[in-house]
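Provided herewith is a single structure, encoded as structure tokens, for subsequent inquiry.
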Amino acid sequence: MLNNLTGWHAVLILVVILLLFGAGKLPALAKSAGQSARILKSELREGATAPTPAPSTATAESSAEPQPRVSSTPPPPSTA
């Protein structure tokens, strides 16, 4: 599909992108795309090397206890 693209096609695509985004926004767009790619790569590397955490029993025990109920209505005014 991309085999039929020539140099003129690339120039036309670049002109359309320039018209859509403007010359001032293109460097910021390229910078943010590069930063996003770097962050994605570093997160993928960290995720591949990080061990999976063991399940904790402390959270299961604490969630079994009933939580006190908190009323959202204010107390009635006192008459004293």
Side-chain angles (χ1 to χ4, degrees):
M1 179 177 155
L2 297 176
N3 293 338
N4 295 334
L5 291 180
T6 62
W8 288 108
H9 290 114
V11 170
L12 183 63
I13 290 171
L14 289 175
V15 168
V16 169
I17 290 173
L18 183 65
L19 289 174
L20 286 176
F21 294 106
K25 292 185 180 179
L26 286 179
L29 183 67
K31 181 180 178 183
S32 67
Q35 286 176 342
S36 299
R38 261 184 255 117
I39 290 170
L40 178 65
K41 286 180 184 178
S42 68
E43 292 294 326
L44 287 175
R45 270 187 257 123
E46 288 176 9
T49 59
T52 56
S56 175
T57 58
T59 57
E61 293 171 1
S62 65
S63 65
E65 297 175 11
Q67 299 295 324
R69 185 172 231 171
V70 178
S71 175
S72 62
T73 58
S78 63
T79 57

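Heads up: numbering here begins at 1 and tracks the sequence.
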field: Path from F21 to V16 over hydrophobic side-chain contacts below 4.5 Å
entry: yes
message: Distance check, rounded to the nearest 0.5 Å: K25 atom NZ versus I17 atom CD1?
response: 14.5 Å
query: Going hydrophobic residue to hydrophobic residue with side-chain gaps under 4.5 angstrom, can you get from L19 over to I13?
result: no
message: Show, in sequence, the C-alpha distance, side-chain angles and deciding distance for L18 and L14, and conclude whether the side chain to side chain contact (heavy atoms under 4.5 Å, CB included) test is met.
response: CA-CA 6 Å; L18 183 65; L14 289 175; over 6 Å; no
- prompt: Atom CD in E46, atom CG in L44: separation rounded to 0.5 Å?
  reply: 9.5 Å
Within one Ile-Leu-Val-Met-Phe-Trp-Tyr cluster: L20 and L12, side-chain cutoff 4.5 Å: no
- request: Any chance you could measure L26, atom CG, to K31, atom NZ, to the nearest 0.5 Å?
  value: 15.0 Å
